[in-house]
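See structure below.
Lettering of chains follows the sequences in order, A, B, ..., and the numbering in each one begins at 1. All heavy atoms count here, side chains included; hydrogens, waters and symmetry mates do not.
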Amino acid sequence: MASEEGAKSLNFLEEIITKDLENGVVKKVITRFPPEPNGYLHIGHAKSICLNFGLAKQFGGECNLRFDDTNPAKEETEYVESIMEDVKWLGFEWANLRYASDYFDQFHKWAIDLIKAGKAYVDDQSADEIRLKRGTLTKPGEDSPHRNRSIEENLDLFMRMTNGEFEEGSRVLRAKIDMSSSNLNMRDPVIYRILKRSHHRTGDKWCVYPMYDFAHGYEDAIEGVTHSICTLEFQDHRPLYDWFIENVDVPHVPHQYEFARLNLTYTLMSKRKLLELVTTGIVSGWDDPRMPTICGFRRRGYTPESIRRFCKEIGVAKADSLVDVELLQHCLREELNKTAQRGMAVLRPLKVVLENWPEGFVDELEAENNPEDAGAGSRKIRIGKEIYIERDDFMEEPVKGFFRLAPDKEVRLKYAYIIKCNDVVKDENGEVVELRCTVDMDSRGGDAPDGRKIKGTLHWAWAGEAVRARVNLYGHLFTLRNMNDMEEGKDYKDYLDPNSLVVIEDALVEPILASAKPMDRFQFLRHGYFCADYESSPERPVFNLTVSLKDSWGKQNK
RNA sequence: UGGGGUAUGGUGCAACGGCAGCACGCCUGACUCUGGAUCAGGUAAUCUAGGUUCAAAUCCUGGUACCCCAGCCA
């Protein structure tokens, strides 16, 4: 059975949808991605986006982008713009662009319907009193003294709340459900609160705003959402979601399904903490390449395709999980290996003088643009008497297994010549500052004329035309693999990695790299994938490390 | 402690009563003008105790562990 082609398994959401479609319960799948515009989207949202848009597409349905903007105290237009940009960048198109605030009038009518049906009441208790009387996990709550007001009085009070006659916090509208429910969400939840705030879209039209639980199902009902997909923490809210839908006359009955949110190793996913990283200046902004935000990944050089691929690879289930960030990097490398232009960059240059190189001679050689892509062609690279190699590619006293350059050892310069180290020049501190080598002038192109095998191949930069560049080396922002496992009494700031950004000011890159346009992606040979930063220019190229190459030598020597 | 969830290699996801599989990671080896890539191979798992059954990751019963819920946040 496992050998059957096309018998690939469905995840639990696909199973539900497939059944609903087969049973005719649903004719067309409608989903929605419902962010609150109070922060930037991160990789966890990407999972939700891929699910909602992906499922709709897969089953021939539609997905809306809907801003859940029911709380004017937290929401801003800056965020809605960034969210739209990020969703588009990820490669998705929404069928409709909606806002919860589009429906405020309808919500208000339904609230009145609930009051008229004796299913909602105005409570004059303070927030503290309400909290105290809600009970605890093990003790039932107590009824509010205002629970049994007449419908007329409730109607009057709610209209006066709406008209702004009362102060913020002085009264709320609550659903009348069950103060002794074992599900705390059912203990007469607040559905409208007074907020004398200007809303980013409705301005000062409203003094009262609906709560999430009240609004969300109605938003889905209005839009005809068939499968309202959210994260696990809303499981307890589902009975409430259903209660609101059942107790007024809605045009459509949506259903809520929950999946486990994404957690990534060495990564923080809390919007609140990410905001704090930005506002305290720990990172340079929402798009700092170390941030797990979509715009952070974008600036870091990640591709939308790799993120989508990652979201597909991790699957979807209901068990809490922690995904290795290596999987994300794998998806990225796999794509970039096939698409990235290659170039040579020496990050920590060590000068090499080719002693027997003809004075004044400059040779021009052929270099592949991408060995994985025959269509990528080749380019000319030039070399002369003075070059630079990577400091790490030379060891005066080579350790076992080191097959790069060392005294009396031979090595190949990629696409160029075989060289041998004769002398080591040191400064007064004993530090190696220059190497004197001889070239095998018959090895032009890199092959030894006598067929001898050269194990090591080094990347290099010709002093004559290398361009000085800044390179930002990024690593994990945090040192803790599971950021949900912080020690008692410690803060996420205690786990910041001081080496998450290492700036190299004096890297040397070949001309093709120097001429990069912002956001161009490259593989720096033997280093990793880099992209030109937004601030990069031909005079002062700046590159961000996207992800390093896998490095079995470096790993072995850790 | 009430309620709602979840337990399969190191990690994530499959297997829907019939040989526990895929991917990442890790480890070998081959190949290589990137210690990359590629290719070949390997490592490693059903939370626990009972029960039903010819047969249980799957069904039943009892435990255990972990996550979520006491916002006028979403």
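If you check every strand for non-hydrogen atoms under 4.0 Å, A:Glu258 touches nothing. At the heavy-atom level, A:Gly401 lies under 4.0 Å from base atoms of the strands shown. Contacts of A:Phe403 with the nucleic acid, taken as non-hydrogen atoms under 4.0 Å apart, include base atoms. Nucleic acid contact class of A:Thr136 (heavy atoms, under 4.0 Å, all strands): base. Among the protein residues, A:Asp213 comes within range of no part of the nucleic acid, since none of its heavy atoms lies under 4.0 Å from any strand. If you check every strand for non-hydrogen atoms under 4.0 Å, A:Gln329 touches nothing. Across all strands, A:Leu458 comes closer than 4.0 Å to no nucleic acid atom at all (heavy-atom distances). Base contact: A:Ala127 has a heavy atom under 4.0 Å from a base atom. Among the protein residues, A:Glu36 comes within range of the sugar-phosphate backbone only, with heavy atoms under 4.0 Å from sugar or phosphate atoms but none that close to a base. In this structure, A:Glu366 reaches neither bases nor backbone, as no heavy-atom distance under 4.0 Å exists between it and the strands shown. Counting any heavy atom pair closer than 4.0 Å across all strands shown, A:Phe402 reaches a base atom. Residue A:Pro371 is in base contact, counting any heavy-atom pair closer than 4.0 Å across all strands shown. Nucleic acid contact class of A:Arg309 (heavy atoms, under 4.0 Å, all strands): none. In this structure, A:Lys414 reaches the bases: a heavy-atom distance under 4.0 Å links it to at least one base atom across the strands shown.
Counting only N and O atoms by type, the side chains of A:Gln341 and A:Asn369 include a donor and acceptor under 3.5 Å apart. Between the side chains of A:Glu390 and A:His527, at least one donor N or O sits under 3.5 Å from an acceptor N or O. With 3.5 Å as the limit, one finds a donor-acceptor pair spanning the side chains of A:Thr231 and A:Glu233. When only modelled atom types and interatomic distance are considered, A:Tyr529 and A:Glu335 share no side-chain donor-acceptor pair under 3.5 Å. Residues A:Arg412 and A:Thr457 have side chains that bring a donor and an acceptor to within less than 3.5 angstrom of each other. Side chains of A:Tyr415 and A:Glu368: a donor-acceptor N/O pair is present below 3.5 angstrom, by distance only. A donor and an acceptor atom, one from each side chain of A:Arg342 and A:His459, are nowhere located under 3.5 Å apart.
Between B:A45 and B:C24, the two C1' atoms lie 16 Å apart (nearest whole Å). Using atom C1' as the reference point in both B:A30 and B:U11, the two lie 28 Å apart (nearest Å). On the C1' atoms, B:U43 is 16 Å away from B:C22, given to the nearest whole Å. Atom name P, nucleotides B:G2 and B:C73: the rounded distance is 30 Å, in whole Å. If you take atom C1' in B:C59 and the same atom in B:G4, they sit 23 Å apart, rounded to whole Å. B:U58 sits 15 Å from B:G51 when the C1' atoms are compared, rounded to a whole Å.
Look at A:Arg333 and you won't find any side-chain N or O under 4.0 angstrom from OP1 or OP2 of B:A37. Dashed line: the shortest gap from a side-chain N or O of A:Lys312 to OP1 or OP2 of B:A23 is not under 4.0 Å. One finds no side-chain N or O of A:His459 lying less than 4.0 angstrom from the OP1 or OP2 phosphate oxygen of B:U34. For the OP1/OP2 pair of B:U11 and a distance below 4.0 Å, the side-chain nitrogens and oxygens of A:Ser321 include no atom meeting the criterion. Side-chain nitrogen and oxygen atoms of A:Arg134 include at least one within less than 4.0 Å of the OP1 or OP2 phosphate oxygen of B:C72. Look at A:Thr70 and you'll find a side-chain N or O under 4.0 angstrom from OP1 or OP2 of B:A74. Contact check, A:Arg404 against B:U34: no side-chain N or O comes under 4.0 Å of OP1 or OP2.
Checking B:A65 for Watson-Crick or G-U wobble geometry (two distances, each under 3.5 Å) identifies B:U6 as its partner. Across all strands shown, B:U32 forms no Watson-Crick or G-U wobble pair with both key distances under 3.5 Å. Applying the Watson-Crick and G-U wobble criteria (two distances, each under 3.5 Å), B:A23 pairs with B:U11. Pair assignment for B:G18: B:C54, on the basis of Watson-Crick or G-U wobble contacts that are both within less than 3.5 Å.
Heavy-atom distances to RNA chain B give each of A:Glu15 and A:Asp447 a nearest nucleotide, and the one nearer the 5′ end belongs to A:Glu15. Residue order along RNA chain B, read from the 5' end via each residue's closest nucleotide, puts A:Thr138 first among A:Gly456 and A:Thr138.
Listed nucleotides B:U6, B:A74, B:G12 differ in distance to A:Val323; the shortest reach to its side chain belongs to B:G12. Comparing atom distances between the A:Leu327 side chain and each of B:C24, B:C72, B:G35 picks out B:C24 as nearest. Listed nucleotides: B:G5, B:A14, B:C26. Nearest to the side chain of A:Lys555: B:C26.
Distance CG (A:Leu322) to P (B:C24): 18 Å, rounded to an integer number of Å. Protein atom CD of A:Glu326 is 13 Å distant from nucleotide atom P of B:C24, rounded to whole Å. Atom C1' of nucleotide B:C31 and atom NZ of A:Lys453 are separated by 11 Å, given to the nearest angstrom. Distance, A:Asn482 CG to B:G10 P: 16 Å, rounded to whole Å. In this entry the distance linking CG of A:Asp128 with P of B:C72 reads 10 Å, nearest Å. A:Asn337 places its CG atom 18 Å from the P atom of B:U32, with the value rounded to the nearest Å. With rounding to whole Å, A:Leu525 atom CG is found 8 Å from B:G35 atom P. Between A:His216 atom NE2 and B:C73 atom C1' there is a gap of 14 Å when expressed in whole angstrom units.
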Produce the list of close N/O pairs, under 3.5 Å, pairing protein atoms with atoms of nucleotides 63-69 of chain B; give distances to one decimal.
unit_1, atom_1, unit_2, atom_2, d
B:C67, O2', A:Asp320, OD2, 3.4

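When side chains are defined from C-beta on, A:Arg309 does not count as touching A:Cys50, because their heavy atoms never get closer than 4.5 Å. Here the side chains of A:Arg171 and A:Glu165 are not in contact, with every heavy-atom distance at 4.5 Å or above. When side chains are defined from C-beta on, A:Leu41 counts as touching A:Phe33, because their heavy atoms get closer than 4.5 Å.
At a cut-off of 3.5 angstrom, the base of B:U34 holds at least one donor-acceptor pair with the side chain of A:Gln523.
Applying the 5.5 angstrom centroid cut-off and the 30 degree plane-angle cut-off, the aromatic ring of A:Trp553 is stacked upon the base of B:G35.
Using the six-membered ring where Trp is involved, A:Phe158 and A:His108 have ring planes that are parallel, under 30° apart on the 30 and 60° scheme.
Screening A:Phe234, A:Phe107, A:Tyr218 against A:Tyr212 for a ring pair (Phe, Tyr, Trp, His ring centres under 6.0 Å) leaves a single residue, A:Phe234.
B:G71 shows a glycosidic angle within 90° of 0 and is accordingly assigned syn.
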